[in-house]
Amino acid sequence: MNQRIQLASLDDQRNAEAREAVRQRISWPANLTPANVTYHSRGHAMVIGSASDAEQAGRALQNSGLASITLLMANADDPATQSPEASPQTETPLDTSPQGHAQPLVRHVMTPGQITALRISGHLGAFDVQLDDDVEAPLNLARAFIDRDHFDVVLDLNANPVMAAELPPPGYVLLDWTDVDRRRDAVDAVAELVGEFDKPRYFQVNSDLCAHSSSGNTGCTRCLDVCPADAISSHQGRIESQIEIDPYLCQGVGSCTSACPTGAIEFRLPDTRRQQDTLSTWLAAYREAGGQAPVLRFITHDSQDAEQAAGVTPAGHVLDIPLEELGAAGHDQWLTALASGAAEVRIQQHADMPARLSAFLADQVRQAQTLLTALGHDPDRVQLLADDDAQARDALPMLTPLTDQPLALNEPNKRARLNIVLARLAELGAPSGQRHAMPQGAAYGSIQVDSDACTLCHACVSNCPTPALSSGGKAPSLNFREADCVQCGLCEQACPEDAITLMPGFLAADERETLQVCHEEAPFECIGCGKPFATASTVANIKAKLADHPYFAGDAMLRLEMCEDCRVKDVWKTMIRDPDAQLRI
C-alpha cells in the first residue's frame, strides 16, 4: 500500500476547494471548558534585575496604575549593600501623571549571591518571594517591604530567571531589557495584570486509570516528565501517590494528555476521542468533495493566525488541524490520521517553544516512525516542520494514502483506540513479526516471568492499572496481553519474588493482541476436604518461611496444607483435646 504518488495527477485548485468544503461542513472541536480558575491581582509588582535595568523598568512602570513597585537590584560593586532586615529605601517620584497615580519605588540592593538565594513560587496574584541565604529563617520579602503576604506580578530582567520553569506561570514576565523592541510591550503587559482574570481548568484526572502508583510503589511518571510549566506533581497520600495538576500553573500545553498511555489525563473539552473522530470525519469529507492526497498539518491557533495575517495560504492538499498547543496531539492521533486516509502528517513547530515540549514532540515523532517501520510503512509519513520552512509545508506527498476508508474508533479507552489504529495499519502494511526497539520510556513492551520464582500470588495482577495482566480460569495461572501493557513497571515492583522483568519494545506480530500464559501450575488440594485453594509453590513457600514459627510446630505444620475452613476446624479440635495448648506457644 506504500505506492508512489503520480504528482501530475494532483489538481491544487480542486484540493483547495475540497479543503474549504470540509471547513464549511465540519468544525474542529474547540476548547469549550468553562472559565473556572480565577486569578486576583491587586497590582503589587516586583522587578528583579541589575541596578540600572531595574531602575529604568521601575520608572517606566510608575505611571501605569500599579499599587506598588518593589525593585530588587543586584549590584556587586555597591559597598553599602543592605542586609535583608534593613528598612527599604523609598523614593517619591520626580515626575507624576496629571492624575497623580504614580507610585513610589521601593528599592532594595542585593548582592548577586542574595539574588541566587531568592526562591519564588506561585502565580499571578500569589507570588511567594523568599530570601533563603542560610543566615536565618527564610525572609518573606512581600511581608518585609509592602506588608503583604504575596506579590501579584513579577518582572524578571535577569538573563537567568529566578523562577526556572520553562513555561513561567501567569503573572511572571520575562524580559531582556536590552531588547528595546520588547520593552514597551512587556511594561504594558505588567501594567495590565491588575484585576480579576479567568481561564479554563484544562485537564481532568481519572485516578482509576492512572498508572502512577499502586501499593506504595511508583510506576509511570510520563506526565511529570513532559510538563514544561511544572504544573503536575505527585502527591503522597496515606498509602498511594496521586497525580495532581495545579490549575493556576497549568497553561494547556497538552503534552501530559498525549504522553499519558492510559487516558488518565485528558482535556476536559474537547476530549481526545472527539479529536480522533473528527480527524477521520474530515478526511472522509475531503475525499467526498473530490480532494486528493491529503496532508494533515498540526498547527497552533497562534501560528495559523500569524500566517493568515501575513497572507500565507498553504497548498490545497494541506489540511490544517488547529490546536491550542502542539502537545495536545501525540503519535496516537498522528497515526489515526494515516489509518484514516491521510497521505502524510506534518507537525508545524513555532518559535519560542519550551525545550521540554520540543523534546517531547521529537520523541513522539520517533515513536510514530518506529511503529510505521515495524508495520511495514514509510516512516517519513510523519515529519516535523521547522517554523519557517514553507517549502516543506507545501510539498506534495511522495506516497498515496494508505486507505480511502474511514476508521471507526468505537472504544472509550485511549489504549483500546490506539490498538484499533495499530491493527488497521498492520492490515494495510507488512508487519515485520519482530520486536522493535522503541525510544526510551515508550509505553510498549512485554514482560518476562521467571517460572521458577513465580508463586502465582497475583500481586502483579492487583497492581496492574490496565487489563494487561490477569489471573487464570480453571487452573491457577498468570496471563498477559501485550497490547494493553504500558510499561509502567508496577508489576515488576509489586512482585515479592522479583520474578517479573520488563521487556521494552514494540512487537509487530499477531501475538501482541493474543492472551499469553506466562506461568501456570496445578492447584494444591486441601488435605482435609480436597478443595483446591492455592498452588503447590505457594504452599511450599509459606511452609519454608514459617518452618521455625512455634504456632506451626510439629503436626500443626499440616495446617498450612489446609484450606481456610479446615484450618479453623483443626485449631478448634486441638483446643478441645488440650485447652492449654495455646498458652504454651
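On a predicted model such as this, the values are computed, not experimentally measured, just so you know. Both backbone and side-chain heavy atoms feed into the values below; hydrogens, waters and symmetry mates do not. If you read the sequence from its start, that first residue is 1, and numbering goes on from there.
Contact annotation: the side chain of Thr262 never approaches that of Lys414 to less than 4.5 Å [non-hydrogen atoms, C-beta and beyond]. Residues Pro504 and Met438 have side chains not in contact (no heavy-atom distance under 4.5 Å, counting atoms from C-beta outward). For the pair Phe298 and Val345, the minimum side-chain heavy-atom distance is below 4.5 Å. Looking at heavy atoms from C-beta onward, Gln114 lies in side-chain contact with Leu131 at the 4.5 angstrom threshold. Contact annotation: the side chain of Phe151 never approaches that of Asp128 to less than 4.5 Å [non-hydrogen atoms, C-beta and beyond]. Put simply, the side chain of Met110 does not reach to within 4.5 Å of the side chain of Met73, judged on heavy atoms. The closest side-chain heavy-atom distance from Ile347 to Leu385 is not below 4.5 Å.
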Taking it one step at a time, do Asp149 and Arg143 satisfy salt bridge (charged side-chain N to carboxylate O under 4.0 Å, His left out)? CA-CA 5 Å; Asp149 290 330; Arg143 178 58 59 189; 2.4 Å; yes

Could you go through Glu244 and Ser233, starting from their C-alpha distance and side-chain angles, then the distance that decides it, and tell me whether this counts as side-chain hydrogen bond (donor to acceptor under 3.5 Å, both in side chains)?
CA-CA 5 Å; Glu244 293 188 352; Ser233 60; 4.8 Å; no

**OP:** Report the C-alpha distance between His350 and Ser303 in whole Å, list the side-chain angles of each, state the deciding distance to 0.1 Å, and finish with yes or no for side-chain hydrogen bond (donor to acceptor under 3.5 Å, both in side chains).
**Re:** CA-CA 7 Å; His350 58 83; Ser303 296; 5.0 Å; no

Next item on the list: Check step by step if side-chain contact (heavy atoms from CB on, under 4.5 Å) holds for Val318 and Asp320.
Entry: CA-CA 6 Å; Val318 178; Asp320 283 344; 3.7 Å; yes

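Shown here is Gln440, whose CD atom has no more than 12 heavy atoms of other residues, nucleotides or ligands within 6.0 Å. By the neighbour-count criterion of 12 heavy atoms within 6.0 Å, atom CG of Asn160 is sparsely surrounded, having that number or fewer from other residues, nucleotides or ligands.
At distances below 3.5 Å, at least one donor-acceptor pair connects side-chain atoms of Arg222 with backbone N or O atoms of Gly441. Under the 3.5 Å distance criterion, the side-chain polar atoms of Trp334 are left unmatched by any main-chain donor or acceptor of Val382. With hydrogens and angles ignored, the 3.5 Å screen pairs a side-chain donor or acceptor of Ser213 with a backbone N or O of Ser241. The backbone N or O of Ala395 sits less than 3.5 Å from a side-chain atom of His317, completing a donor-acceptor pair. With hydrogens and angles ignored, the 3.5 Å screen pairs a side-chain donor or acceptor of Arg415 with a backbone N or O of Cys485.
Listed by chain and number, the residues in a side chain to side chain donor-acceptor pair (under 3.5 Å) with Ser50 are Asp53 (sequence neighbours excluded). Residues satisfying the salt bridge (Lys or Arg N to Asp or Glu O under 4.0 Å) criterion with Arg42, sequence neighbours excluded, are absent altogether. Taking His40 as the reference, Glu196 meet the side chain to side chain donor-acceptor pair (under 3.5 Å) condition, with sequence neighbours excluded. Residues passing the side chain to side chain contact (heavy atoms under 4.5 Å, CB included) test with Asp179 are Asp176, Asp181, Arg182, sequence neighbours excluded. Residues passing the side chain to side chain donor-acceptor pair (under 3.5 Å) test with Ser215 are Asn463, sequence neighbours excluded. The side chain to side chain contact (heavy atoms under 4.5 Å, CB included) search around Cys488 returns Ala211, Cys220, Pro465, Val486, Leu490, not counting sequence neighbours. Scored by the side chain to side chain donor-acceptor pair (under 3.5 Å) test, Asp152 finds no partners at all (sequence neighbours excluded). Not counting sequence neighbours, the partners of Asp230 by the salt bridge (Lys or Arg N to Asp or Glu O under 4.0 Å) test are Arg356. In this view, Asp208 satisfies the salt bridge (Lys or Arg N to Asp or Glu O under 4.0 Å) rule with no residue, not counting sequence neighbours.
Taken from CD in Glu325 to CG in Leu323, the straight-line distance is 8.5 Å, to the nearest 0.5 Å. The distance from atom CD1 of Ile447 to atom CD1 of Ile500, rounded to the nearest 0.5 Å, is 5.0 Å. Within the model, atoms CG of Leu371 and CZ of Arg366 stand 13.0 Å from one another, a figure rounded to the nearest 0.5 Å. The SG atom of Cys460 sits 11.5 Å away from atom CD of Glu492, with the distance rounded to the nearest 0.5 Å. Considering CG of Leu209 and CG of Asn413, their distance stands at 6.5 Å, rounded to 0.5 Å.
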Listed pairs under 3.5 Å, donor-acceptor, residues 249-260 side chains, sequence neighbours left out:
from: Gln251; atom 1: NE2; to: Pro168; atom 2: O; distance (Å): 2.6
from: Ser255; atom 1: OG; to: Val226; atom 2: O; distance (Å): 3.2
from: Thr257; atom 1: OG1; to: Ile265; atom 2: O; distance (Å): 2.9
from: Ser258; atom 1: OG; to: Gly327; atom 2: O; distance (Å): 2.6
from: Ser258; atom 1: OG; to: Ala329; atom 2: N; distance (Å): 3.4
from: Ser258; atom 1: OG; to: Gly330; atom 2: N; distance (Å): 3.3

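The pair Glu266-Arg273 does not count as a salt bridge, with every side-chain nitrogen at least 4.0 angstrom from each carboxylate oxygen.
Residue pairs meeting the ring-ring contact (aromatic ring centres under 6.0 Å, His included) criterion with at least one partner in residues 227-260, sequence neighbours excluded, are Tyr39-Tyr248, His123-Tyr248. Annotation: salt bridge (charged side-chain N to carboxylate O under 4.0 Å, His left out) contacts involving residues 302-314, sequence neighbours excluded, comprise Arg297-Glu307, Glu307-Arg393.
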